Amino acid sequence: QVQLVESGGGLVQPGGSLRLSCAASGIIFSSYLMGWFRQVPGKQRELVTTVTNGGSTWYADSVKGRFIISRDNAKNTVYLQMNSLRPEDTAVYYCNIPAGVKENRWGQGTQVTVSS
């Protein structure tokens, strides 16, 4: 019933920017902590950033100062603004809620490729 659909990925040059979106349905969106994760083939998934229902944010050191997470509860959507992108940011990006992480339930994600 819970559906989280990521979009907005693509190919961008180093130093460029992308804005990812995560559209949610089947949940009371405003009640949930939301997080963005990323994963490259053969490596474990990494937590990138989180935003609480009250708007408090957390960022991994690797993206601090470059990425911004935000949410629009009226649109049931969480965003990830990605600036000053680096090749090491290349990954599939996923959004999720705590229950989804616990149950290992993930969507398709959206591919971000940073390359010159």
Side-chain angles (χ1 to χ4, degrees):
Q1 186 178 46
V2 177
Q3 184 180 17
L4 301 173
V5 180
E6 302 92 344
S7 63
L11 175 63
V12 64
Q13 293 186 344
S17 297
L18 286 172
R19 183 178 175 87
L20 308 184
S21 299
C22 172
S25 62
I27 60 172
I28 303 174
F29 180 82
S30 61
S31 298
Y32 287 86
L33 174 75
M34 300 294 299
W36 283 98
F37 303 75
R38 65 187 182 186
Q39 187 174 34
V40 299
K43 301 187 68 175
Q44 63 186 9
R45 207 184 315 261
E46 172 191 15
L47 177 62
V48 176
T49 179
T50 62
V51 59
T52 70
N53 56 355
S56 297
T57 59
W58 173 90
Y59 298 92
D61 287 343
S62 58
V63 307
K64 196 172 299 181
R66 300 188 298 118
F67 290 10
I68 302 172
I69 188 171
S70 62
R71 65 193 299 162
D72 187 337
N73 290 338
K75 296 182 178 180
N76 287 359
T77 302
V78 62
Y79 304 96
L80 182 62
Q81 179 66 47
M82 310 166 65
N83 301 315
S84 301
L85 283 162
R86 305 166 179 170
E88 54 263 41
D89 296 318
T90 296
V92 178
Y93 284 72
Y94 303 86
C95 63
N96 217 335
I97 61 175
V101 176
K102 181 178 181 179
E103 298 170 1
N104 197 29
R105 296 171 58 88
W106 303 88
Q108 294 299 308
T110 185
Q111 175 72 50
V112 173
T113 302
V114 185
S115 180
S116 59

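Throughout, numbering of the chain's residues begins at 1 and tracks the sequence. The structure presented is a predicted model; accordingly, all values stated were derived computationally and were not measured.
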| Ion pair R86/D89, N-O distance below 4.0 Å | no
Please tell me whether [X] and [Y] are part of a single hydrophobic cluster in this structure, the criterion being side-chain heavy atoms less than 4.5 Å apart.
X	Y	value
M34	F37	no
W36	I68	yes
L20	V101	no
V92	M82	no

From [X] [atom1] over to [Y] [atom2], what is the distance, rounded to the nearest 0.5 angstrom?
X	Y	atom1	atom2	answer
R19	N83	CZ	CG	10.0 Å
N76	I27	CG	CD1	7.0 Å
Y93	S21	OH	OG	14.5 Å
Q108	Y94	CD	OH	7.5 Å
L18	L11	CG	CG	9.0 Å

| message | Check whether E6 reaches the backbone of C95 with its side chain - one donor and one acceptor, N or O, closer than 3.5 Å. | response | yes
| Between the side chain of T90 and the main-chain N/O of V114, is any donor-acceptor distance below 3.5 Å? | yes
| remark: Heavy atoms of P14 and S116 approach each other most closely as CD-N, 3.6 Å
| Can you name the salt bridge (Lys or Arg N to Asp or Glu O under 4.0 Å) partners of K43, sequence neighbours left out? | none
| query | Quick check: are there more than 12 heavy atoms from other residues, nucleotides or ligands sitting under 6.0 Å from CZ of R105? | reply | no
| said: Is it the case that atom CD in E103 sees more than 12 heavy atoms from other parts of the structure closer than 6.0 Å? | reply: yes
| note | Across all chains, not counting sequence neighbours, the ring-ring contact (aromatic ring centres under 6.0 Å, His included) partners of F67 are none
Do the side chains of [Y] and [X] get nearer than 4.5 Å, heavy atoms only?
X	Y	value
W58	L47	yes
Y59	R66	no
V78	I69	yes
S62	E46	yes

| task | Dump the intermediate steps for side-chain contact (heavy atoms from CB on, under 4.5 Å) on R38 and V63, then the final yes or no. | result | CA-CA 12 Å; R38 65 187 182 186; V63 307; 3.9 Å; yes
| task | Can you spot which of I97, V51, T52 makes a side-chain contact (heavy atoms from CB on, under 4.5 Å) with L33? | result | T52
